[in-house]
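To keep things clear, I will list the structure first and then write my remarks on it.
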Amino acid sequence: MTAADTRSIFISLKWKLLIAVMVMLTILGGILGGFTFRQLINQQSYQLTSQQNKLAENLQSSISLTVDQSLLAAQQIALLVNDEGQDSSDFDVDKYQEMLDKRWPDIQLYWELSTIHLMSQSGEVLAHAGNRVDVEDRLWFEKSSVNFEPHWRIVCRRECVIQVLVPNLLQGEPHLLFLESGLTDILARFRVNGSFELAVLGPRIVHPVGRSYWARELYSISNKRTSLPRLQRIADKFSWEQITGKGGIYEVNGEYSAIWLFPLAEGENSPAILVINNISDWQAILNEFQESMLGTLLFALLLSGCLVILVAWAPVVSLSRHANLLPLLAEHDFETLKRLSPKSSSLIVDEVDLINTATHQLAERLQNLELEVDEYTCELKRLAMLDTLTGLPNKAMLMHELKKTIACVGRIHDQVALMYLDLDEFKRINDTLGHTQGDDLLKIVANRLNDSVRAMDTVFRQGGDEFLILLRGIRSDQDVRKVIHKIFASLQQPVVLGNHKLIVTTSIGVAYCKSMNVRAEELIKYADLAMYQAKDAGRSNYRVFTEDMLHKANSRLRIEQDIGAAIAEKQLSLYMQPIVGLPDSNLKGFEALIRWFHPEMGLIMPGDFIPDIEHSEAIILVGNYVLEEAGAYLSRLREQGWKDLYMAVNLSAKHYMDPGLIPLVQHILSKYDLPPESLLLEVTEESVIEQVDLALSAMKSLKSLGVRIAIDDFGTGYSSLSYLKQLPFDVLKIDRCFTSGVLEDSADTHIVTTVIELAHNLGRTVVAEGIETPEQCEFLADANCELAQGYLFSKPLDEERVLTILKQIEHDSIWPTEQAPQLGKLGS
């Protein structure tokens, strides 16, 4: 598992599905229940508002009815006055008072009046019955402007009463009839519902005397036994501002009531009727609905959960089982998977059944595929260990067998040997006859090698034309030599490829293993080094690996690695060996010879490092460096006045064929302002003959620049005179192996004179190398050899010593041969 997996929490799909259904139903039930409950609340609010509005209308209509009754009472009283015999044209106040005194009990009883006063427009009381008019009433009379409509008010003193001023005409003069009655009829008509509880409260006073609530005296209440305690709890819990400002539903001691306040007069501090409507039953219905809704929701959740379990549990459990079984596919445990999840047939199928079927099909296909893969793997392993062309074991098998065999050294085998074979000139055969013929040749060689080894030995093909043979149970070197001789003998038999008959030879390197501590890679490397030594020794040869070979290989590797630093750090220096004319010893030029002053290994001569890099790119870098330094050296000599001297520079075969040589030579000639003929490029005879066509093309390109070309070490190769004739060279250099024996060996004498004559016939100049005695110099001069160089004149010298000698001979240009011994010491 990954780091992320270890922090994850696993929840089964069946629980996720059940929880999702429960949550969805809960949300849906909550939304529907909340909506229904809100509708009930709104319905309750609507009904309560309707009741409140109806009560307000009843209050107004009751007061209006009471005022109308007062008008009717005023009319009836006027009729009573007429019934007493009073002439309407002659109004008498005393008789009016007499009538009131006589009829007051009846009037009071019939009209439920507590006070009646007949007053003038100015407010003077003309006649009265019942309670007296006090000062406050007179102030109200004065403020009231009654014309043709009655004027009324409700006041609370000992009790709350309604006072009505009714305009009345007596004897054609306007009068006022003041009528006062209780609120009993008003309250009776106002209370349309018997469940309502009413309380009449007076205006707010500082020091209430009787029973008071909110500093208001209670004048009337509908039911003292039940209403007074409830009114007291409401007054204790809620302020007057809450009642007047909010209005609505209040909860006291578990009871819910709708409390409404209806003012009985204008102004903030007026008497009022407090209505208490007990709605506990309604609230109980709401609570019961909430409980029913919650129960219904729980029942729905349980029912839906049961349905989910009934319908989806089995498929979900099957999916969970598949989640545990699918890893068995990755583990290739197909039998366990089939056993734990058997196939089932059903009339009605769903996606889970399809997954089960697909899982079984996938398991069967993977099982069949695994069997096929195993078969192919075995075949590939077999093919991976064999060479497809020859049928021999390949390099992979070699490493396997070699490691196994080395591990047995000292226990089963005293020693083993590994032979590394490389066919000689196979590339030339492949290029000449084609790859098809080359492959046929490799098959024939493979069969002959198999026939040449012992039964316990194994032949491997490394690749290309390289073969390796593992020799087991070696008791002495004689066992290895017998196998080698059998190989050479079998390969000496001609090979017929189409119309061609070939003799194939091979170079063999042998490496012995006498300890199990040797690694397989090291043993192959040792045999490879020995093979290259055998190839350098000539065709059809073998060499046995020695530590000296490894040392030389390591030195070669180190030289290849260090040569770059040597060029960058100027560790390479040029030494000059003079080239003089014969017979007068006039100085004609110098041959530039490189010396490497290694910071750790000291002086390294060219023969010790040039062969190690001549096949790598490093030889081109060194050649470019020598050309650049030689150009600079020649330029300095020309500045000293030696303008007729030339500089000879040796080129390797790889450098000679390099495309970058021509641009470099052009650059040097231009940079140092050198005449082209002052630069002589030397190339060995062997490197020219190896690739005649390329050499001819390169020489022509160099000749087009005007530089001169010399064939070095002439006579050491196997060049054809026809090739020599085609090459556009200028100078022929005779190798010292011939010049050293011109006075003792008649063959060398004849060769040298013949070469000189041949060169002259071709119009070329001859330089004799390795001149060490005056007698050799005299012989070559008699043979008409133009130029010579050697220890007779000087060993290679550094620039400082060369300039010193040039200053000594600047008048006659004759190189001082008599100082040869001393010069040899200086140049060594």
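Values reported hereafter were calculated over all heavy atoms of this structure, with side chains retained and with hydrogens, waters and symmetry mates removed. Everything numeric here is computed off the predicted structure, so don't read it as measured data.
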At their closest point, which heavy atom of [X] faces which heavy atom of [Y], and how far apart are they?
X	Y	value
Tyr633	Glu799	OH-CA, 2.8 Å
Ile563	Ala618	CG2-CB, 3.5 Å
Leu418	Ala527	O-CB, 3.7 Å
Val518	Ile406	O-CG2, 3.3 Å
Pro796	Arg595	CG-NH2, 3.3 Å
Ala534	Ile508	CB-O, 3.4 Å

4.5 Å side-chain heavy-atom contact, [X] and [Y]:
X	Y	answer
Leu423	Thr505	no
Ile668	Glu628	yes
Leu468	Val459	no
Lys395	Phe460	no
Leu664	Ile662	no
Ile610	Ile619	yes
Pro494	Lys501	yes
Leu797	Gln577	no

Can a salt bridge be assigned to the pair [X] and [Y] using a cut-off of 4.0 Å between side-chain N and carboxylate O?
X	Y	value
Arg708	Asp730	no
Lys525	Asp528	no
Glu769	Lys733	yes
Lys535	Glu425	no
Glu401	Arg472	yes

Quick one: does [X]'s side chain have a donor or acceptor within less than 3.5 Å of a partner on [Y]'s backbone?
X	Y	value
Asn447	Lys443	yes
Ser701	Ser697	yes
Asp457	Arg454	yes
Asp479	Arg475	yes
Arg448	Ser490	yes

In Å, rounded to the nearest 0.5 Å, how long is the span from [atom1] of [X] to [atom2] of [Y]?
X	Y	atom1	atom2	answer
His598	Asp608	NE2	CG	12.5 Å
Leu497	Leu502	CG	CG	5.5 Å
Asp465	Asp424	CG	CG	9.0 Å
Asp440	Leu389	CG	CG	8.5 Å
Gln415	Ser515	CD	OG	12.0 Å
Phe467	Met531	CZ	CE	12.5 Å

**Asked** So Glu629 and Lys570, salt bridge (Lys or Arg N to Asp or Glu O under 4.0 Å) or not? Walk me through it.
**Response** CA-CA 11 Å; Glu629 293 295 314; Lys570 299 287 186 178; 3.4 Å; yes

Do [X] and [Y] pair up side chain to side chain, a donor and an acceptor below 3.5 Å, judged on atom types alone?
X	Y	result
Glu591	Asn650	yes
Ser507	Arg543	no
Tyr532	Asp422	no
Asp439	Thr436	no

**Message:** Using 30° and 60° as the class boundaries, would you call the ring planes of Phe488 and Tyr542 parallel, tilted or perpendicular?
**Reply:**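 If you compare the ring of Phe488 with that of Tyr542, the planes turn out tilted.
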
**Residues which pass ring pair (Phe, Tyr, Trp, His ring centres under 6.0 Å) with Tyr420, listed by chain and number, not counting sequence neighbours** =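 In terms of ring pair (Phe, Tyr, Trp, His ring centres under 6.0 Å), with neighbours along the sequence ignored, Tyr420 is linked to no residue.
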
